[in-house]
Amino acid sequence: MIKITLPDGSVREYEKGATGYDIAMSISEGLARNVLAAKVNGEVWDATRPITDDATVQLLTWNDTEGKSTFWHSSAHLLAEALEELYPGVKFGIGPPIDNGFYYDVDLGDQEFGEDDLEKVEQKMQELAKNKSEYTRTEVSKADALKYFEEKGDEYKIELIRDLEDGKITFYQQGNFVDLCKGPHVPNTSFIKAVKLMNVAGAYWRGDEKRKQLTRIYGVSFPKQKELKEYLERLEEAKKRDHRKLGKELELFTFSEKVGLGLPLWLPKGTVLRERLENFMRKAQIKAGYDPVVTPHIGSKELYVTSGHYEKYGEDSFQPIKTPNENEEFLLKPMNCPHHCEIYKAKPRSYKELPVRLAEFGTVYRYEQSGELHGLTRVRGFTQDDAHIFCRPDQVKEEFIKVIDLVLYVFKALGFDDYTAQVSLRDPENKTKYIGEDAHWDKAEREIQEAADERGLTTVTELGEAAFYGPKLDFMVKDALGRSWQLGTIQVDYNLPKRFELEYTGADNQKHRPVMIHRAPFGSMERFVAVLIEHCGGNFPLWLAPEQIAILPISEKYQEYAEKLHTILSERDIRGSVDNRDEKIGRKIRDAEVKKVPFMLIVGEKEQNEERVSVRKHGQGDLGSMPWAEFVDHFQQESALNLN
RNA sequence: GCCGAGAUAGCUCAGGGGUAGAGCGCUUCCUUGGUAAGGAAGAGGUCGGGGGUUCAAAUCCCCUUCUUGGCUCCA
């Protein structure tokens with residue numbers, strides 16, 4: 001007999017070799033039907049794998065993240081089985097579960113595969129699922145594993161096996177399909193009741209663009225048909241919040257082929273929104289001790305040779321522009337920091353004046369691969385809410401913490417509570433990618449982590465994600481479709497001060513080198529606005545709304561009063577317009593609701609005679625009538641709540 | 001840049017080898033109204049661009065530009 005400890009702390013005895021499924025059965029049949037896998041001593045196992053020693057066991061169902069990924073992993077195998085039946089000779093790369101479903105990378109040889117083929121594969125998967133084929137696990141020797149795939153002619157699996165340790169290799173088989181896999185899997189294919197293949201994409205083998213591109217098939221699956229339906233509905237809902245769609249509908253921004261790809265044009269309403277945000281940030285920065293500066297959009301090539309950016313990115317950038325006579329080369333600025341370094345150098349600095357914090361809404365231009373451009377989140381010209389802090393080495397951590405506070409203040413003001421703080425460090429395997437001294441890197445990496453800890457941030461650490469000149473702390477936020485974007489960023493840099501020979505005079509009357517911190521709480525105005533649009537679904541906080549009120553006269557008889565109100569409100573910095581179209585009030589209300597205008601002021605005979613307004617709030621309906629002065633008070637209170 | 005999908009009226013989209021379609025928007029007229037679409041009429045498109053096949057191409061084929069789902073990249 002063996003002793004099994006369950007998550008509630010209870011201990012039960014079972015026969016040696018009992019499985020997760022057996023344990024579930026002993027609790028309830030309903031649970032047994034839903035068990036997808038079992039976590040045995042912290043490791044996820046098949047629910048059908050015998051447990052031979054005392055263990056702590058947690059049964060995993062669809063409600064557990066690990067249960068879901070087991071389910072999706074098994075679905076990927078089912079996809080592979082279907083593909084093998086439909087496309088004999090297909091070779092397989094990898095087929096893992098992901099956040100929302102699974103994929104399999106396959107090499108279909110000369111056979112063409114497009115989105116039209118997905119349905120056929122989907123049907124085959126459903127057909128195979130009904131066979132209730134068990135996923136069986138076998139341990140194989142490295143030699144046997146290689147032999148199997150050599151005979152099958154699958155060079156990708158062979159490559160994977162070569163990197164594995166003999167004695168730790170397992171195969172899984174369901175139906176006629178055998179795959180190299182460490183598992184675990186759900187007991188059998190009939191668990192998979194609903195499947196949807198989402199799309200096809202190209203993906204380089206092992207993520208290396210120099211290697212062969214495989215066909216990646218993405219799918220999602222569920223234990224119930226209803227859950228698939230709900231998932232697809234949620235996806236539809238999310239698409240309605242897509243900033244590209246709302247940006248067009250709400251007339252915030254546009255693109256023009258003639259202007260160029262990845263170069264956003266801000267429409268009047270989008271500009272109002274952006275300027276509100278900029279002013280908000282300006283105020284916050286002044287309060288935090290920043291000095292605004294302004295620098296040109298271009299800089300001499302020499303500036304970037306000095307900074308090291310030219311060496312690193314010169315080839316992959318917009319190419320230099322030249323003066324007609326002297327042939328001097330200038331670059332569109334891809335960064336603001338070199339300019340700011342020169343501002344720092346404009347006069348001798350004393351340790352007493354540090355930290356110097358130079359802030360600029362600096363527009364930069366970077367060549368991004370055409371396939372990577374995406375709405376406002378990935379563009380070729382964008383404005384950073386940039387600033388560079390020049391401080392003494394002993395001030396780094398304190399300054400870092402102050403910047404974290406600023407970022408958190410901004411996020412809080414805008415209701416961004418669902419973000420991830422990511423500490424991006426060097427790839428320890430590949431230090432040549434980075435410039436600067438080891439000791440500096442180590443100190444900076446340590447200080448970033450300490451600063452994050454002191455502010456209670458939950459962080460994830462990513463190796464190899466650091467900038468080439470220093471480690472950073474990034475704030476990542478997901479868009480409507482679950483894609484992760486970097487917003488705020490804070491980066492320590494020991495490199496540029498050295499390259500630009502920045503100095504300050506210390507208390508010892510000696511020259512010392514300052515440390516630079518690059519930081520941008522929004523990141524870029526473009527990306528931030530994109531994520532903000534999706535975050536609030538186009539229903540902006542009152543202080544940001546491009547149009548805060550719509551004045552709606554019942555008929556043209558009350559237009560004069562409506563115009564008078566408009567003037568009164570404008571004088572009080574309330575943004576809005578009069579809808580004087582020849583339409584009924586119901587229509588005007590509908591249109592203002594669709595445009596997501598926060599307040600509608602309906603004025604007719606009663607209101608005109610008594611100097612009142614009937615107030616209607618977006619999404620809430622009629623709030624009744626009040627004297628216009630009372631509305632102004634109410635409005636100003638509400639818009640002031642948001643720190644602006 | 002690479003793989004897949006797409007581009008038809010201002011917007012959202014249907015159609016598909018033989019006279020270019022709908023809804024919304026726009027213009028004009030009627031209507032002067034009370035909390036999410038009043039009525040009528042009208043204007044508006046070389047079907048992204050170029051080439052080919054055909055008696056005939058928006059439709060089929062090739063090239064190209066842009067958009068888009070991914071991959072790679074991202075100072």
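To find a chain, count down the sequence lines: A is the first, B the second, and so on, and within it residues start at 1.
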Query raised in the report: Do the non-hydrogen side-chain atoms of A:F382 and A:R527 ever get within less than 4.5 Å of each other?
Result: no
Report summary line: Comparing nearest nucleotides in RNA chain B, the 5'-proximal residue of the pair A:L214, A:R366 is A:L214
Query raised in the report: In whole Å, what separates the C1' atom of B:G44 from that of B:U8?
Result: 14 Å
Query raised in the report: Side chains of A:Q422 and A:S424: do they bring a donor and an acceptor to under 3.5 Å?
Result: yes
Requested in this report: Look at all strands and tell whether A:S317 reaches a base, only sugar-phosphate, or nothing, counting heavy atoms closer than 4.0 Å.
Outcome: base
Report task. Looking at every strand, decide which applies to A:L552 at a 4.0 Å heavy-atom threshold: base, sugar-phosphate, or nothing. Result -> nothing
**Report entry** Under 3.5 Å donor-acceptor pair, A:R378 side-chain atoms to B:C73 base atoms
**Finding:** yes
Requested in this report: Between B:G50 and B:G42, how far apart are the C1' atoms? Round to whole Å, please.
Outcome: 35 Å
Kindly give the atom pairs (protein nitrogen or oxygen, nucleotide nitrogen or oxygen) under 3.5 Å for nucleotides 4-11 of chain B.
unit_1	atom_1	unit_2	atom_2	d
B:G4	O2'	A:E115	OE2	3.4

Query raised in the report: Does A:R211 have a side-chain nitrogen or oxygen under 4.0 Å from the phosphate oxygens OP1 or OP2 of B:C71?
Result: no
**Report entry** Residue closer to the 5' end of RNA chain B, A:R380 versus A:K472 (nearest nucleotide)
**Finding:** A:R380
Query - For B:G69, the Watson-Crick or wobble partner whose two distances fall under 3.5 Å - result: B:C3
Query - Ionic contact status for A:K240 with A:E249, cut-off 4.0 Å - result: no
Report task. Would you mind checking if A:R211 and A:E159 are paired as a salt bridge, meaning a charged N to carboxylate O distance below 4.0 Å? Result -> yes
Requested in this report: Look at the side-chain N and O atoms of A:H374 and state whether any lies under 4.0 Å from the OP1 or OP2 oxygen of B:G69.
Outcome: yes
Report task. Determine the interplanar angle of the A:H388 and A:H340 rings, folded into 0 to 90°, and report it as parallel if under 30°, tilted if 30 to 60°, perpendicular if over 60°. Result -> perpendicular
Query raised in the report: side-chain contact (heavy atoms from CB on, under 4.5 Å) with A:T306: which residues, sequence neighbours excluded?
Result: A:F500
Query raised in the report: Is there a side-chain polar atom (N or O) of A:R244 under 4.0 Å from OP1 or OP2 of B:U68?
Result: yes
Query raised in the report: Between the main-chain N or O of A:T383 and the side-chain N or O of A:E526, is there a donor-acceptor pair closer than 3.5 Å?
Result: yes
Report task. Would you please indicate if the ring centroids of A:Y365 and A:F318 are separated by under 6.0 Å? Result -> no
Report task. Scan A:Y218 against the nucleic acid and name what it touches under 4.0 Å (heavy atoms): base, sugar-phosphate only, or nothing. Result -> sugar-phosphate
Query raised in the report: So which heavy atom on A:F522 is nearest to which on A:D385, and how close?
Result: N-OD2, 2.7 Å
Requested in this report: Could you tell me which nucleotide pairs with B:A56 by Watson-Crick or G-U wobble geometry, both distances under 3.5 Å, or answer none if nothing does?
Outcome: none
Query - Rounded interatomic separation in angstrom, taking CZ from A:F382 and P from B:C74 - result: 14 Å
Query - Inter-nucleotide P distance (B:A40, B:G23), Å rounded - result: 11 Å
Query raised in the report: When rounded to the nearest Å, what value does the distance between P atoms of B:C2 and B:A58 take?
Result: 29 Å
Query raised in the report: With a 4.0 Å cut-off on heavy atoms, is A:G207 in touch with a base, just the backbone sugar-phosphate, or nothing at all?
Result: sugar-phosphate
Query raised in the report: CD1 of A:I98 versus P of B:G69: gap in Å, rounded?
Result: 15 Å
Requested in this report: Could you measure between the two P atoms, the one in B:U12 and the one in B:U31, and give it in whole Å?
Outcome: 36 Å
Report summary line: Rounded to whole Å, the CD-C1' distance (A:Q369 to B:C74) equals 9 Å
Query raised in the report: Could you run down nucleotides 26-39 of chain B 5' to 3' and tag each one B, S or - for protein heavy-atom contact under 4.0 Å?
Result: ----BBBBBBBBB-
Requested in this report: Could you state the atom-to-atom distance from CG of A:L373 to P of B:G69 in whole Å?
Outcome: 11 Å
Query raised in the report: Which heavy-atom pair separates A:E368 from A:V379 by the least distance, and what is that distance?
Result: CG-O, 3.5 Å
Report task. Give none if B:U35 has no partner; otherwise give the nucleotide forming a Watson-Crick or G-U wobble pair with it, both distances under 3.5 Å. Result -> none
Query raised in the report: Does the separation of the ring centres of A:Y469 and A:H518 fall below 6.0 angstrom?
Result: yes
Report summary line: Applying the 3.5 Å cut-off to both distances, the Watson-Crick or G-U partner of B:G17 turns out to be none
Requested in this report: May I ask you to check whether A:S577 and A:E547 show a side-chain donor-acceptor distance below 3.5 Å?
Outcome: yes
Query raised in the report: Under 3.5 Å, is there an N or O donor on one side and an acceptor on the other linking the side chain of A:Q213 and the base of B:C2?
Result: yes
**Report entry** Interatomic distance at C1', B:U28 relative to B:G21, whole Å
**Finding:** 24 Å
Query raised in the report: B:U27 and B:U68: how far apart are their P atoms, nearest whole angstrom?
Result: 30 Å
Query raised in the report: Taking atom C1' in both B:G70 and B:G51, what distance in whole Å separates the two?
Result: 31 Å
Requested in this report: May I ask which nucleotide in the shown strands pairs with B:G23, Watson-Crick or G-U wobble, both distances under 3.5 Å?
Outcome: B:C11
